[in-house]
Amino acid sequence: MSKELKENNIAIKTQTTFAERLWVLIPVVLLVGLLSTLVFNHYDEFSWSGFISGFNQEFLIFFCIGVFAQLVDGTLGMGYGATSTSFLLAYGVPPVISSTGVHVAEMFTTGASALSHHRFGNINKKLVKHLLIPGVLGSITGAYLLSDVIDGDVIKPFIAVYMIVLAVIIMKKALKKNIVKKKTKSLDLLASFGGFMDAVGGGGWGPIVTSTLLGRGRNPRYTIGSVNAAEFAVSFASGITFMLFGGIHGWQVIIGLILGGVIAAPLGAYLVNRIPRKPMMIAVGVLIIILSLKTLSKLL
């Protein structure tokens, strides 16, 4: 009897260990496959001479945007897309290029962030599973519309206004006191809407999904880690959709954001419970509003 029990325990432990490994293996395999495909299909851009020719002041600006946006996202669970898109639009990068660049970069940065949060034990796997499929479907729909149906120049002012709305949401959540824990209903609708708006606007998954869940009183550490983990699948889906229907443009933007974000991802996951959240959320909100107003001033 004890021998059978021991064998069952070993089998359960083996299954658990394999399941744990899948949380690491799947992102790694997808990222390696994606990188290999990009290098094979766009060898000139990824060659050493191509990298050196693109290594200039603009590249350093995109790299710094990637570092800052990932630190914001990794520590607050929101703001990568809103922060990076606001900076890129303010710098004069067109909406389609900025959104494509952000989402292709996010395929790598969210992968690094998900692995980092897994390493620090910040993930609620049940919550990730609830967010995954509806978030992916919403992001594919939004990415298709932006790359093949919607005119980026026409919606540029609307995206800037949308970024201001996201900034207000972030600041409102920061100022809210005495949050009472409530059951979150319609997680699938929340994830679908967050994925759709993230793809169309170049950001919004975190401010919409994370802020809603935190506003319902969920544990910040596990909420941020889980939403970041689900964001990898959401970004991967929208990034692939952008590639299929719109192609890839703005390699300098993409590579700068990727390198900056991947470097900053482990630090963001480490700092998630070690910095004061409210002051940083307010500061990020104010920054996004300033950048979005600058973009609007150029269009009006």
Side-chain angles (χ1 to χ4, degrees), residues 23 26-35 37-38 62 65-66 69-74 76-85 88 95-118 123 127-129 131-147 159 166 190-210 224-246 248 250 253-262 264-265 268-269:
W23 285 86
I26 290 174
V28 170
V29 169
L30 288 174
L31 291 176
V32 170
L34 173 64
L35 184 60
T37 304
L38 291 176
F62 300 140
I65 291 173
Q70 186 57 44
L71 284 176
V72 169
D73 190 77
L76 299 182
M78 65 182 82
Y80 181 90
T83 304
S84 53
T85 300
L88 292 172
V96 174
I97 292 178
S98 66
S99 191
T100 302
V102 166
H103 285 91
V104 173
E106 275 190 314
M107 294 163 81
F108 292 91
T109 59
T110 54
S113 183
L115 292 172
S116 300
H117 279 293
H118 182 270
I123 295 177
L127 178 58
V128 173
K129 291 173 184 176
L131 298 174
L132 210 60
I133 294 176
V136 165
L137 294 176
S139 70
I140 290 173
T141 305
Y144 167 71
L145 290 175
L146 183 60
S147 58
I159 293 175
L166 291 185
L190 175 66
S192 298
F193 180 67
F196 178 82
M197 294 307 297
D198 186 79
V200 172
W205 173 257
I208 291 170
V209 179
T210 305
I224 292 169
S226 303
V227 173
N228 268 265
E231 190 176 13
F232 169 64
V234 171
S235 299
F236 207 92
S238 58
I240 293 294
T241 306
F242 277 121
M243 289 182 194
L244 290 174
F245 291 99
I248 304 177
V253 174
I254 293 170
I255 295 173
L257 291 177
I258 288 173
L259 291 178
V262 169

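Just so it is clear, the model here is predicted, and its values are computed rather than measured.
Residues meeting the side-chain contact (heavy atoms from CB on, under 4.5 Å) test with Phe193, sequence neighbours left out: Met197, Ile208. Judged as a side-chain contact (heavy atoms from CB on, under 4.5 Å), and not counting sequence neighbours, the contacts of Leu137 are Ile133. Every residue meeting the side-chain contact (heavy atoms from CB on, under 4.5 Å) condition with Ala69, not counting sequence neighbours, appears here in chain and number order: Tyr80, Thr83, Ser84. The ring-ring contact (aromatic ring centres under 6.0 Å, His included) check on Phe232 picks up Phe236, with sequence neighbours excluded. Under the side-chain contact (heavy atoms from CB on, under 4.5 Å) criterion, Ala191 pairs with Leu131, Pro134, Trp205, sequence neighbours left out.
Between Ala233 and Leu132, the shortest heavy-atom contact is CB-CD1, 3.4 Å. In terms of heavy atoms, Ser235 sits closest to Met107 at O-CG, 3.4 Å. Nearest heavy-atom pair, Ala229 versus Val128, reported as atom, atom and distance to 0.1 Å: CB-CG2, 4.0 Å. Contact between Val234 and Gly195 at its shortest, heavy atoms only, is CG1-CA, 4.2 Å.
In this structure, the side chain of Ser238 does not engage the main chain of Ser139 through any donor-acceptor pair within 3.5 Å.
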Side-chain polar contacts of residues 254-261 - donor-acceptor pairs under 3.5 angstrom, sequence neighbours left out - could you list them?
none

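With contacts defined as side-chain heavy-atom distances shorter than 4.5 Å, the pair Asp198/Glu106 qualifies.
Rounding to the nearest 0.5 Å gives a distance of 11.5 Å between CG of Asn228 and CG of Leu115.
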